[in-house]
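Each remark here refers to the structure printed beneath this line.
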Number of protein chains: 2
Amino acid sequence: MARPASALRGLILESAAQLFAAHGYEGTSLHDIASAVGCSKASLLYHFASKETILTELLTPAGAELAELDAALAGLDGDEAAEAAVPGYVDLALRFRRETKILLADIPGMTCHPALGSIPDIVDRLLDALAGRSADTADVVAAHMVLGAVFVTCASDLELPDQDLRPELIRSALRTLGREPG
Amino acid sequence: MARPASALRGLILESAAQLFAAHGYEGTSLHDIASAVGCSKASLLYHFASKETILTELLTPAGAELAELDAALAGLDGDEAAEAAVPGYVDLALRFRRETKILLADIPGMTCHPALGSIPDIVDRLLDALAGRSADTADVVAAHMVLGAVFVTCASDLELPDQDLRPELIRSALRTLGREPG
DNA sequence: ACCATAACTGTCCGATCGGTCAGTAATGGG
DNA sequence: CCCATTACTGACCGATCGGACAGTTATGGT
């Protein structure tokens with residue numbers, strides 16, 4: 001036994017990140033992480049004060065950069081703000097794709113729920129329709145964006161009534177897809 | 001005691017829907033639901049075979065309509081498909097806003113995580129920047145859409161490398177916001 | 001060679017979870 | 001009035017969770 005002096009800590013972080021992204025934070029137990037790493041559950045709690053400490057250490061870099069973006073946008077106004085926010089946010093989400101996935105990772109357990117039909121299959125076909133049956137990168141990405149855009153917006157706490165929200169969603173979604181409303 | 005013959009079943013469904021939307025399915029225990037309803041935990045399991053049965057009954061109508069949309073889109077191709085998919089999907093998400101929220105409800109517990117700074121505040125300011133400091137409905141909705149679009153797309157299983165994904169995300173996001181790339 | 005310290009583990013613990021079950025209280029048709 | 005059926009409950013159960021802790025093994029400076 002006896003690893004070469006705590007490479008274990010890094011292994012724990014890496015395995016935890018993979019498991020959190022795949023099954024969500026709540027959906028991953030300390031036992032799961034220990035099994036993946038190949039050590040005891042007690043070892044995890046020797047290197048980290050708690051399960052939440054592992055999550056915090058994983059998400060802290062992303063949080064710090066988000067705060068940086070926030071600070072950089074603070075001084076800008078109007079068009080400047082919007083045109084800086086877009087690449088800033090995109091780069092952030094791309095650089096921390098796995099962390100983004102961790103935040104969303106508790107969902108798949110639900111979307112695969114039986115009696116809702118095979119949601120993944122239906123969603124695949126919906127994406128294909130949104131992309132206009134096209135396999136071009138631009139169309140496929142735009143279709144994914146519309147899927148997420150409508151989903152998140154409808155789930156948000158926007159207090160807008162449906163009849164006001166609907167036309168804006170449709171207009172902006174069509175614009176995202178490169179289809180000006182006609 | 002003795003309620004007027006099982007209005008309880010409806011109360012359970014309503015309370016469960018609220019709690020699932022607020023704290024997620026995993027984040028809501030049978031005890032939580034029983035407390036909200038004002039009955040015993042055993043009563044829940046008298047009216048419903050299991051916790052999952054409650055969730056299934058809540059999500060089934062949405063699942064059925066999603067399947068209908070899927071069927072309606074099956075015959076269409078190209079532009080027809082895209083232009084029918086957008087209002088169809090939007091209407092579905094709007095009609096089942098609470099159900100949509102349930103699917104996303106496991107996230108808030110993470111985004112409020114300490115040591116990531118106050119994510120909700122930062123996100124509010126990011127939305128303001130994306131909207132170009134505008135309070136117009138169109139701009140606010142589009143900002144929410146971009147937030148969700150980039151988030152979900154980056155968390156998706158698209159196997160596109162970052163350097164291909166980035167320009168598409170930025171271009172489509174700007175288009176969503178009504179800002180043609182110049 | 002020695003030993004203080006760091007690394008690691010097996011075992012136990014209390015809490016909480018979803019779920020079972022025997023038993024009680026109310027209801028409504030005969 | 002009676003009683004089968006429905007509605008409901010308290011108590012209990014096994015599993016699993018995150019975590020505590022005493023004890024064991026390896027390491028590296030002296």
Side-chain angles (χ1 to χ4, degrees), chain A residues 1-60 102 105-106 108-110 112-115, chain B residues 1-60 102 105-106 108-110 112-115:
Chain A
M1 223 142 291
R3 278 170 217 287
S6 214
L8 192 55
R9 202 191 142 88
L11 288 179
I12 293 172
L13 280 174
E14 177 59 27
S15 290
Q18 286 178 11
L19 289 169
F20 288 167
H23 311 115
Y25 173 71
E26 303 284 351
T28 304
S29 70
L30 291 179
H31 176 265
D32 294 334
I33 302 172
S35 295
V37 173
C39 69
S40 74
K41 193 179 60 165
S43 275
L44 306 183
L45 296 164
Y46 170 78
H47 288 287
F48 299 91
S50 69
K51 186 189 178 187
E52 196 185 10
T53 303
I54 301 177
L55 178 67
T56 298
E57 190 151 327
L58 283 174
L59 296 186
T60 292
I102 290 178
D106 287 324
M110 315 241 29
C112 294
H113 193 273
Chain B
M1 225 140 291
R3 280 171 216 286
S6 215
L8 192 58
R9 202 192 141 89
L11 288 180
I12 293 172
L13 279 174
E14 178 59 27
S15 291
Q18 287 178 10
L19 289 169
F20 288 167
H23 312 114
Y25 173 71
E26 302 284 351
T28 303
S29 69
L30 291 178
H31 176 265
D32 294 334
I33 303 173
S35 295
V37 173
C39 70
S40 74
K41 194 178 60 167
S43 276
L44 306 183
L45 296 162
Y46 171 77
H47 288 286
F48 300 91
S50 68
K51 185 189 178 188
E52 195 184 11
T53 303
I54 301 177
L55 179 67
T56 299
E57 191 152 325
L58 283 175
L59 296 185
T60 293
I102 291 178
D106 288 324
M110 315 239 33
C112 294
H113 194 272

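In the text below, chain A, chain B and the rest are named by the order of the sequence lines, each starting its count at 1.
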What integer distance in Å separates [X]:[atom1] from [N]:[atom2]?
X: A:Ile12; N: C:dA7; atom1: CD1; atom2: C1'; value: 11 Å
X: A:Phe48; N: D:dA20; atom1: CZ; atom2: P; value: 16 Å
X: B:Leu44; N: C:dG19; atom1: CG; atom2: C1'; value: 11 Å
X: B:Leu8; N: D:dC8; atom1: CG; atom2: P; value: 5 Å
X: B:Lys51; N: C:dG18; atom1: NZ; atom2: C1'; value: 8 Å
X: B:His31; N: C:dA15; atom1: NE2; atom2: P; value: 14 Å
X: A:Ile54; N: D:dG19; atom1: CD1; atom2: C1'; value: 12 Å
X: A:Leu45; N: D:dA22; atom1: CG; atom2: P; value: 16 Å

Residue met sooner reading DNA chain C from 5', once A:Arg9 and B:Ala42 are mapped to nucleotides: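 The residue whose closest nucleotide sits nearer the 5' end is A:Arg9.
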Among the nucleotides [options], which one has an atom lying closest to any side-chain atom of [X]?
X: B:Leu30; options: D:dG18, C:dT9, C:dG18; value: C:dG18
X: A:Tyr46; options: D:dT9, D:dG18, C:dT9; value: C:dT9
X: B:Cys39; options: D:dC8, D:dG18, D:dT9; value: D:dT9

Taking all non-hydrogen atoms of both residues into account, name the closest pair between A:Cys39 and A:Leu44 and its distance.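 A:Cys39 and A:Leu44 have their closest heavy atoms at SG-CD2, 4.0 Å.
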Shortest non-hydrogen contact from B:Asp32 to B:Gly27?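 Minimum heavy-atom separation between B:Asp32 and B:Gly27: OD2-O, 4.0 Å.
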For [N], does either OP1 or OP2 sit under 4.0 Å from a side-chain N or O belonging to [X]?
X: A:Ser40; N: C:dC8; value: no
X: B:His47; N: D:dT6; value: no
X: A:Ser43; N: C:dC8; value: no

Given the structure, check if the side chain of B:Lys41 and the base of C:dG19 hold any donor-acceptor pair shorter than 3.5 Å.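 Indeed, a donor on one side and an acceptor on the other fall under 3.5 Å apart.
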Test your reading of the model: is there a side-chain donor-acceptor pair from A:Lys41 to the backbone of A:Ser29, 3.5 Å cut-off?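 Such a contact is absent between A:Lys41 side chain and A:Ser29 backbone.
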Name all residues meeting the side chain to side chain contact (heavy atoms under 4.5 Å, CB included) criterion together with B:Ser35; count only those two or more places apart in sequence or in a different chain, and write none if there are none.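 With sequence neighbours excluded, B:Ser35 shows a side chain to side chain contact (heavy atoms under 4.5 Å, CB included) to B:His31, given in chain and number order.
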May I ask you to say what A:Thr28 touches in the nucleic acid, namely base, sugar-phosphate or nothing, with a heavy-atom cut-off under 4.0 Å?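 Answer is sugar-phosphate: A:Thr28 comes under 4.0 Å of backbone atoms only.
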Side-chain donor-acceptor pair under 3.5 Å between A:Thr56 and A:Thr53, yes or no?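 Per modelled atom types, A:Thr56 and A:Thr53 side chains form no pair under 3.5 Å.
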